Number of protein chains: 2
Amino acid sequence: MAATIRDVARLAGVSASTVSRALSLPEMVNAATRARVAAAVEQLGYEPNRAARGLITGRTGTIGLVVPDLANPFFAGVAKGVQARARRHDVAVFVADTDEDPAAESGLVRALAKQVDGVVLCSPRGTDDELAAIAQDTTVVLVNRAAAGLPGINYDNEDGMRQAVAHLVALGHRRIAWVGGPASSWSTQHRGVGLRNAVQALHVELAPVGNFAPTYEGGMAAADQVVATGATAVIAYNDLVAIGLLARLHSRGISVPGDLSVVGVDDIAMSRMARPALTTVRMPKQEAGRLAVELLLSLLDDPDAAAAGTVPAAATYEDLHGELIVRDSTGPALGRPGA
Amino acid sequence: MAATIRDVARLAGVSASTVSRALSLPEMVNAATRARVAAAVEQLGYEPNRAARGLITGRTGTIGLVVPDLANPFFAGVAKGVQARARRHDVAVFVADTDEDPAAESGLVRALAKQVDGVVLCSPRGTDDELAAIAQDTTVVLVNRAAAGLPGINYDNEDGMRQAVAHLVALGHRRIAWVGGPASSWSTQHRGVGLRNAVQALHVELAPVGNFAPTYEGGMAAADQVVATGATAVIAYNDLVAIGLLARLHSRGISVPGDLSVVGVDDIAMSRMARPALTTVRMPKQEAGRLAVELLLSLLDDPDAAAAGTVPAAATYEDLHGELIVRDSTGPALGRPGA
DNA sequence: CTGAAAGCGCTAACAC
DNA sequence: GTGTTAGCGCTTTCAG
């Protein structure tokens with residue numbers, strides 16, 4: 001049986017309340033007694049029972065993390081960041097995977113909410129209203145999704161797209177295809193906006209080919225439509241899609257980057273291993289997770305602000321900057337129709 | 001404020017204990033009162049506070065999962081399985097990532113142990129003694145690692161290697177290189193044994209090229225040594241290594257499978273996307289996670305057995321069967337030296 | 001600065 | 001079948 005606070009108290013010859021204070025408000029207790037308590041704690045290997053503490057303080061020392069799919073390298077990266085930073089704060093992390101099921105999401109989060117101090121929702125698929133409802137129950141920090149009034153960590157998708165377009169234009173491309181992800185996805189929308197702004201500013205053409213699953217298969221499915229646009233370059237929703245494109249283009253004997261340049265987004269590990277290696281916009285995944293934890297914990301420490309939605313502007317959200325990683329899948333535009 | 005059991009009791013016109021019973025031992029309470037309680041629960045949206053319950057029952061309804069690296073697709077798969085199955089049992093999962101740091105592992109697990117009913121340790125790097133010490137603190141189930149007396153879920157590595165060798169031999173290969181993973185890795189050792197048995201049984205040669213990091217870079221590093229063995233086929237520790245091999249062989253102008261056949265292990269998503277697509281031994285990742293949860297929960301329900309190490313043999317461990325997935329990276333042996 | 005007492009929300013004996 | 005009582009391990013008034 002683990003030692004309790006009373007065991008420590010008895011051994012140190014003090015009361016339980018003194019032990020409690022010595023541990024949480026050290027200044028409030030005499031240095032000598034504090035030392036005796038410390039010795040007893042050491043000797044017994046005492047660790048306070050967090051459940052018992054939580055019962056009275058109302059804080060569990062636990063946060064929740066909800067992701068659509070742990071097996072997706074992007075989310076795995078975020079989870080790693082969340083987890084590492086939480087540990088630094090001595091906070092435990094409940095992880096839940098919705099399996100890309102938007103219907104399950106809300107219920108899952110509600111269930112989680114009862115057991116944690118707050119939750120990090122990564123790329124939630126729910127509607128803004130659903131998210132708002134969840135935020136009634138518990139403190140929420142969003143990652144990779146903006147919803148009115150909710151604090152979150154986001155990527156500067158517009159700028160990432162600008163970098164990708166600038167790179168392609170510098171290579172001589174004048175017509176760029178765009179393979180969007182799920183229509184409901186917040187990043188699809190923002191990448192689309194960034195793309196339209198960028199092509200307009202640089203006086204080139206954008207050829208959107210619609211919305212596809214954010215997977216390898218989605219890329220395979222999109223490839224032929226991309227070719228049909230006559231574009232000499234294509235930007236894909238993410239690296240998985242870009243790698244799917246690569247595969248199908250290869251089967252069709254279309255050379256990358258000879259005939260078509262391909263750009264992805266995320267810089268998952270696989271991108272380096274693709275052939276040709278994939279040019280991509282690196283989105284700092286772990287960093288997003290770390291920042292989300294910091295933001296969440298700061299909200300928890302200042303519940304008034306969080307409740308009123310009056311989080312200091314600086315802390316409300318943070319736009320993470322993507323970085324273009326140039327690899328072999330992009331090269332100079334050659335004389336294809338539309339070039 | 002969330003409703004408490006007393007709010008429900010008041011609303012239903014019964015005592016708190018009756019509510020408690022209606023929820024956990026429904027048979028012990030009159031159908032009529034049970035209905036009244038149910039209605040009150042419904043109306044108030046009551047959910048029992050798990051921390052409070054845990055304080056008295058000694059069970060937290062939470063398990064821990066410790067993995068070396070969440071960003072590794074193999075562990076992500078296991079985590080997904082653990083997480084999904086735990087949810088089915090209404091059990092929450094604390095996830096901790098040791099960041100491949102064996103030194104951090106033990107401390108991390110001990111800290112976790114205080115807050116959970118039991119832990120799943122996936123591919124732990126610690127020594128058998130360290131694991132035994134952890135098992136003193138809490139109920140442990142191992143995944144992908146056998147240690148004396150501890151229950152666990154493992155893969156039948158011997159058989160997986162046998163399948164891979166049989167496949168290669170059928171293709172006419174007579175000399176097979178083996179790129180091992182970390183020497184301390186349990187699976188490296190067992191795959192080595194399986195390999196030696198298989199080549200012996202089939203009267204072909206094995207050419208081990210040493211131990212490499214279980215990564216893409218490890219594969220890159222091993223490639224030239226593999227070529228130097230004169231083997232016509234190579235089996236890599238895992239898919240990441242195999243994909244690294246593929247990359248380096250490609251740079252050197254060595255054709256796969258024309259000059260050399262390559263086999264990986266795990267069947268991570270990336271394998272399908274490699275070029276040529278990678279022949280591999282599929283290790284059921286999520287399945288391992290699910291079984292680990294089932295095993296852990298069954299141990300928790302039968303603490304005597306767990307404590308005494310007298311788990312029924314059938315439940316002690318399970319050997320998961322790998323399945324050879326043949327793709328384009330393996331083909332008939334051609335006339336190379338040693339063939 | 002320290003101790004006694006109360007109680008967080010819940011379940012488990014024990015009565016009725 | 002149901003209510004009463006006690007107490008899980010801890011923190012927090014409130015006295016002193």
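Just so we're on the same page: letters track the sequence lines, and every chain starts at 1. Basis for what follows: all heavy atoms, side chains included, without hydrogens, waters or symmetry-related copies. Since we're looking at a predicted model, the values are computed, not measured.
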- Note on the structure: Between B:Ser17 and B:Ala51, the residue closer to the 5' end of DNA chain C by nearest nucleotide is B:Ala51
- Message: Taking B:Lys114 first and then B:Asp137, would you say they form a salt bridge - that is, a charged N and a carboxylate O separated by under 4.0 Å?
- Response: no
- Message: Need to verify one output field. Residue with the more 5' nearest nucleotide on DNA chain D, B:Ala52 or B:Val14?
- Response: B:Val14
- Taking it one step at a time, do A:Ser187 and A:Asn144 satisfy side chain to side chain contact (heavy atoms under 4.5 Å, CB included)? CA-CA 7 Å; A:Ser187 15; A:Asn144 198 30; 3.8 Å; yes
- Taking 5' to 3' order, which nucleotide of DNA chain C is first and which is last to have an atom within less than 4.0 Å of a heavy atom in chain A? C:dC1 to C:dG9
- Item | From CA spacing to verdict: side chain to side chain contact (heavy atoms under 4.5 Å, CB included), A:Phe94, A:Leu65 | CA-CA 6 Å; A:Phe94 277 143; A:Leu65 168 67; over 6 Å; no
- The residue, A:Val29 or A:Ile56, whose nearest nucleotide of DNA chain C is more 5′ is A:Val29
- Message: How many whole angstroms separate atom CG of B:Leu23 from atom C1' of D:dG1?
- Response: 16 Å
- NA contact type, B:Thr33, heavy-atom cut-off 4.0 Å: base, sugar-phosphate, or nothing? sugar-phosphate
- Item | d(CG, A:Leu55; C1', D:dC8) in whole Å | 9 Å
- Item | Worked check of side chain to side chain contact (heavy atoms under 4.5 Å, CB included) between B:Val120 and B:Leu296 | CA-CA 8 Å; B:Val120 173; B:Leu296 180 54; 3.9 Å; yes
- Item | Sugar-phosphate, base or nothing in reach of A:Thr4, heavy atoms under 4.0 Å | sugar-phosphate
Which atom pairs, donor and acceptor, lie under 3.5 Å between side-chain atoms of residues 13-25 of chain B and protein residues at least two apart or in another chain?
{"residue": "B:Ser15", "atom": "OG", "partner": "B:Ser17", "partner atom": "N", "Å": "3.4"}
{"residue": "B:Ser15", "atom": "OG", "partner": "B:Ser17", "partner atom": "OG", "Å": "3.2"}
{"residue": "B:Ser15", "atom": "OG", "partner": "B:Thr18", "partner atom": "N", "Å": "3.4"}
{"residue": "B:Ser15", "atom": "OG", "partner": "B:Thr18", "partner atom": "OG1", "Å": "3.3"}
{"residue": "B:Ser24", "atom": "OG", "partner": "B:Ser20", "partner atom": "O", "Å": "2.7"}

- Task: Would you tell me if any nitrogen or oxygen in the side chain of A:Arg6 comes within less than 4.0 Å of OP1 or OP2 on D:dC8?
- Result: yes
- Kindly point out which of D:dC8, D:dT2, D:dT11 is positioned nearest to the side chain of B:Met28? D:dT2
- Find the distance B:Lys114:NZ to D:dC10:C1' and express it as a whole number of Å. 16 Å
- Atom pair CG (A:Leu70) and CG (A:Asp99), whose distance is rounded to the nearest 0.5 Å: 9.5 Å
- Query: Is the distance from OP1 or OP2 of D:dT11 to the nearest side-chain N or O of A:Ser20 less than 4.0 Å?
  - Reply: yes
- Query: Which nucleotide sits closest to the side chain of A:Arg21: D:dG9, D:dT2, D:dC14?
  - Reply: D:dC14
- Task: Could you check how far CG of A:Asn49 sits from C1' of D:dC8, rounded to whole Å?
- Result: 9 Å
- Message: Just to verify, what does A:Gln286 make a side chain to side chain donor-acceptor pair (under 3.5 Å) with, not counting sequence neighbours?
- Response: none
